[in-house]
Amino acid sequence: RQLGPPLATARDGELTTPSAFVEGIRPQAERTARILGVPADALVAQAGLETDWGQRIIRGSDGASSHNLFGVRAGPEWTGPRVSVPTLDMVAGVPEPRQDSYRAYPHVEASFADYAALLAEDPRYRAAREATSVEGFARGVEAAGHARAPDYAARLIEIVHRGLPKQGELA
């Protein structure tokens with residue numbers, strides 16, 4: 001899947017503030033949103049939530065970025081590169097430490113392309129991909145089991161309603 005040219009600004013070390021992160025990924029989020037028919041702000045908010053606005057992108061043991069903006073796990077079907085990191089998942093309302101494997105991508109654009117493919121092809125994400133609002137998208141992603149946090153949809157919705165970080169703002 002081609003979603004556009006690589007982003008010159010979306011490289012390690014250049015997305016040092018929340019507003020730089022938003023501006024760096026916005027063009028790719030908008031292209032992906034048009035393909036999927038979902039709100040671009042929902043994709044930006046989700047990437048921001050998953051990575052703490054670019055500050056906590058999953059890294060391999062060598063320190064290299066996974067470029068995984070959406071926290072997509074690498075299940076047994078995933079044949080591409082992966083990184084294994086310790087995580088804390090909520091299981092029946094109780095935090096449980098575990099080692100988890102996540103998909104790794106060569107660049108941010110590949111993360112968007114893979115996430116778009118996941119949303120488009122996995123039947124669990126039907127409600128998310130058919131959503132026309134941020135609220136519908138967020139609830140659909142949560143219902144699909146994308147994140148194990150019980151308030152994931154509410155957090156995404158709140159980020160968009162509060163407003164995405166803009167140039168010159170602290171977030």
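Here the structure is a predicted model, which is why all the values come from computation and not from measurement. Both backbone and side-chain heavy atoms feed into the values below; hydrogens, waters and symmetry mates do not.
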Donor-acceptor pair, distance only, cut-off 3.5 Å: does the side chain of [X] make one with the backbone of [Y]?
X: Arg129; Y: Asp122; value: yes
X: Arg82; Y: Ala74; value: yes
X: Asn68; Y: Val72; value: yes

Rounded distance (nearest 0.5 Å) linking atom [atom1] of [X] with atom [atom2] of [Y]:
X: Leu69; Y: Asp114; atom1: CG; atom2: CG; answer: 11.0 Å
X: Leu164; Y: Trp53; atom1: CG; atom2: CH2; answer: 5.0 Å
X: His107; Y: His67; atom1: NE2; atom2: NE2; answer: 8.5 Å
X: Leu156; Y: Arg139; atom1: CG; atom2: CZ; answer: 11.0 Å
X: Glu96; Y: Leu88; atom1: CD; atom2: CG; answer: 9.0 Å
X: Gln46; Y: Ile159; atom1: CD; atom2: CD1; answer: 9.5 Å

Nearest heavy-atom pair of [X] and [Y]: which atoms, and what distance?
X: Ala138; Y: Ala153; answer: O-CB, 3.5 Å
X: Phe70; Y: Ser111; answer: CD1-OG, 3.7 Å
X: Pro39; Y: Phe137; answer: CD-CB, 4.5 Å
X: Leu49; Y: Arg155; answer: CD1-NH2, 3.3 Å
X: Ser133; Y: Gly136; answer: OG-N, 2.9 Å

Next on the checklist: Can you confirm whether more than 12 heavy atoms, excluding those of Arg126, are under 6.0 Å from its CZ atom?
Outcome noted: no
Checklist entry - If you count the non-hydrogen atoms of other residues, nucleotides and ligands that lie under 6.0 Å from CZ in Arg162, is the total more than 12? => result yes
Checklist entry - Should the pair Glu77-Arg103 be classified as a salt bridge under the 4.0 Å nitrogen-to-oxygen rule? => result yes
Checklist entry - Can you name the side-chain contact (heavy atoms from CB on, under 4.5 Å) partners of Ala29, sequence neighbours left out? => result Leu43, Val44, Phe112
Checklist entry - Would you say the side chain of Tyr115 lies within less than 4.5 Å of the side chain of Leu36, judging by non-hydrogen atoms? => result no
Item to check | Flag side-chain contact, heavy atom, 4.5 Å: His161 against Glu135 | outcome: yes
Next on the checklist: Classify the ring geometry of His146 against Tyr125: parallel below 30°, tilted from 30° to 60°, perpendicular beyond 60°.
Outcome noted: perpendicular
Next on the checklist: Test salt bridge (Lys or Arg N to Asp or Glu O under 4.0 Å) on Glu30 and Arg26; report intermediate values, then the result.
Outcome noted: CA-CA 6 Å; Glu30 288 174 352; Arg26 180 168 293 289; 3.7 Å; yes
Next on the checklist: Once salt bridge (Lys or Arg N to Asp or Glu O under 4.0 Å) is applied, do any residues pair with Arg34, and if so which ones, sequence neighbours excluded?
Outcome noted: none
Following the transitive rule for hydrophobic clusters with a side-chain heavy-atom cut-off under 4.5 Å over Ile, Leu, Val, Met, Phe, Trp and Tyr, establish whether [X] and [Y] coincide in one cluster.
X: Leu119; Y: Tyr105; answer: yes
X: Trp78; Y: Tyr102; answer: no
X: Val108; Y: Leu118; answer: yes

